[in-house]
2 protein chains.
Amino acid sequence: MPTSAAPTTRSLDDDGLLRVLAEPLRERIVDLLADEELCVCHLTEELGVTQTLVSHHLRVLRDAGVVDTERHRYWTYYRLRPEALRPLAEHLTALARRRPARRRRPCG
Amino acid sequence: MPTSAAPTTRSLDDDGLLRVLAEPLRERIVDLLADEELCVCHLTEELGVTQTLVSHHLRVLRDAGVVDTERHRYWTYYRLRPEALRPLAEHLTALARRRPARRRRPCG
DNA sequence: AATGCATATGAATCTAGATTGATAAAGATC
DNA sequence: GATCTTTATCAATCTAGATTCATATGCATT
């Protein structure tokens, strides 16, 4: 049994959330949704890429639970789900707070 | 000018740190280095992959400043640099703490 | 119900980056 | 200095996933 006190999550990225966020357009989408809901047309314009591409990335984000949608008249609005980021944020914070390990596992 | 108060870092991943961490083997390496220094041979054994592959990933982590090395006799020990994770951890935490945005940018 | 608009989906291609294999480099030991 | 051990590097291949293009879908509006 390892001696470390278990952080909030067992592994740095149990559910692949890191991989979902680690894509330039998706990063930007998440940042854009940080303080307001936006529809696909807004995102398409802000990002300067095709609507199809935006929709594809939104699909990935939605499947990961990072964003949520709600339809209003013609438009589909996307909203950030901050809760979805919490476990990863906590785990990363736990790692960031460690003091540099001095212990060294012996070799050979 | 956007109305949001700027979080700790301007963008979620200014320096590509997310992309560096978003790789299964590198995630595991980071977790393994969380509480002790390990040399390449340890990592190779723990991960069950070839030494070459481990070295490649360690190179990526080192270039990103996530780990540090120190040579001792035959072996090269790797150490986590928690400071390197701090900006990302803080930005992610800031996002995770937001209350779901109710504001909606008007369309058309 | 017919038409129009915004968005979603599916298949095809393209690409960055992961993996592999062979070998070089750097320092330790004798 | 010769050899041994560990780790790094380089080029080649492979692969997951990003991008594109064509088209379908869902709901609004008339």
Side-chain angles (χ1 to χ4, degrees), chain A residues 12-13 15-33 36-80 104-108, chain B residues 12-13 15-30 32-33 37-80 104-108:
Chain A
L12 180 50
D13 193 26
D15 46 6
L17 184 56
L18 264 175
R19 250 145 293 148
V20 167
L21 297 176
E23 203 287 326
L25 282 173
R26 290 199 288 267
E27 289 174 29
R28 294 179 63 197
I29 290 174
V30 167
D31 276 336
L32 286 167
L33 294 179
E36 58 179 339
E37 297 186 11
L38 297 172
C39 71
V40 180
C41 64
H42 292 135
L43 291 167
T44 299
E45 167 138 8
E46 293 269 358
L47 299 170
V49 299
T50 65
Q51 172 266 315
T52 295
L53 185 52
V54 172
S55 283
H56 269 297
H57 285 301
L58 286 171
R59 182 80 153 81
V60 175
L61 288 170
R62 193 146 75 94
D63 285 350
V66 175
V67 301
D68 223 1
T69 69
E70 190 174 338
R71 179 139 189 172
H72 174 63
R73 300 183 61 198
Y74 277 140
W75 306 285
T76 303
Y77 276 88
Y78 280 78
R79 177 190 11 260
L80 186 67
R104 196 174 267 187
R105 187 188 299 187
C107 252
Chain B
L12 179 51
D13 193 27
D15 46 8
L17 184 54
L18 265 175
R19 247 146 295 147
V20 168
L21 298 177
E23 203 287 324
L25 282 173
R26 290 200 288 269
E27 288 174 29
R28 292 179 63 194
I29 290 174
V30 167
L32 286 168
L33 294 178
E37 298 185 12
L38 297 172
C39 72
V40 181
C41 62
H42 293 135
L43 291 168
T44 299
E45 167 139 6
E46 293 270 358
L47 300 171
V49 299
T50 66
Q51 173 267 316
T52 295
L53 185 52
V54 173
S55 283
H56 267 296
H57 285 302
L58 286 171
R59 181 78 154 81
V60 175
L61 288 170
R62 193 145 75 94
D63 286 350
V66 176
V67 302
D68 223 1
T69 69
E70 189 174 338
R71 179 139 188 170
H72 176 62
R73 301 181 61 202
Y74 277 140
W75 305 284
T76 304
Y77 275 87
Y78 280 79
R79 178 192 8 262
L80 187 67
R104 198 174 265 188
R105 187 189 298 187
C107 253

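A, B, ... follow the sequence lines: proteins, then strands. Residue 1 opens every chain.
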Could you tell me the separation between the [atom1] atom of [X] and the [atom2] atom of [N], rounded to a whole number of Å?
X      : N       : atom1 : atom2 : result
L47(A) : dT19(D) : CG    : P     : 11 Å
E23(B) : dA16(D) : CD    : P     : 12 Å
I29(B) : dT7(D)  : CD1   : P     : 13 Å
E37(A) : dT7(C)  : CD    : P     : 14 Å
Y77(A) : dA8(C)  : OH    : P     : 13 Å

Spatial distance of atom [atom1] ([X]) from atom [atom2] ([Y]) [nearest 0.5 Å]:
X      : Y       : atom1 : atom2 : answer
T76(A) : R62(A)  : OG1   : CZ    : 8.5 Å
E36(A) : R79(A)  : CD    : CZ    : 13.5 Å
Y77(B) : T69(B)  : OH    : OG1   : 13.0 Å
L43(A) : R105(B) : CG    : CZ    : 8.0 Å
H56(A) : T50(A)  : NE2   : OG1   : 8.5 Å

Short side-chain to backbone donor-acceptor contact, [X] and [Y], under 3.5 Å:
X      : Y      : result
R71(B) : R73(B) : yes
R26(A) : L61(A) : no
H57(A) : V54(A) : no

Are OP1 or OP2 of [N] and a side-chain N or O of [X] less than 4.0 angstrom apart?
X      : N       : answer
R73(B) : dT6(D)  : no
R71(A) : dA28(D) : no
R59(B) : dT9(D)  : yes
R19(A) : dG17(D) : no

Is there a residue in residues 51-58 of chain B whose heavy atoms reach under 4.0 Å of DNA chain C, and which residues are they? T52(B), L53(B), H56(B), H57(B)
In sequence, state the C-alpha distance, the side-chain angles, and the governing distance for H72(A) and R104(B), and then conclude on side-chain contact (heavy atoms from CB on, under 4.5 Å). CA-CA 11 Å; H72(A) 174 63; R104(B) 198 174 265 188; 3.6 Å; yes
In terms of side-chain heavy atoms of V40(A), which of dT5(D), dG4(C), dA8(C) is nearest?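 Selected nucleotide: dA8(C).
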Axis-to-axis angle across the helix from dA1(C)-dT30(D) to dC30(C)-dG1(D), five pairs an end, to 10 degrees?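 Roughly 30° between the end axes, to the nearest 10°.
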Heavy atoms only, 4.0 Å cut-off, all strands: where does Y78(B) land among base, sugar-phosphate and nothing? sugar-phosphate
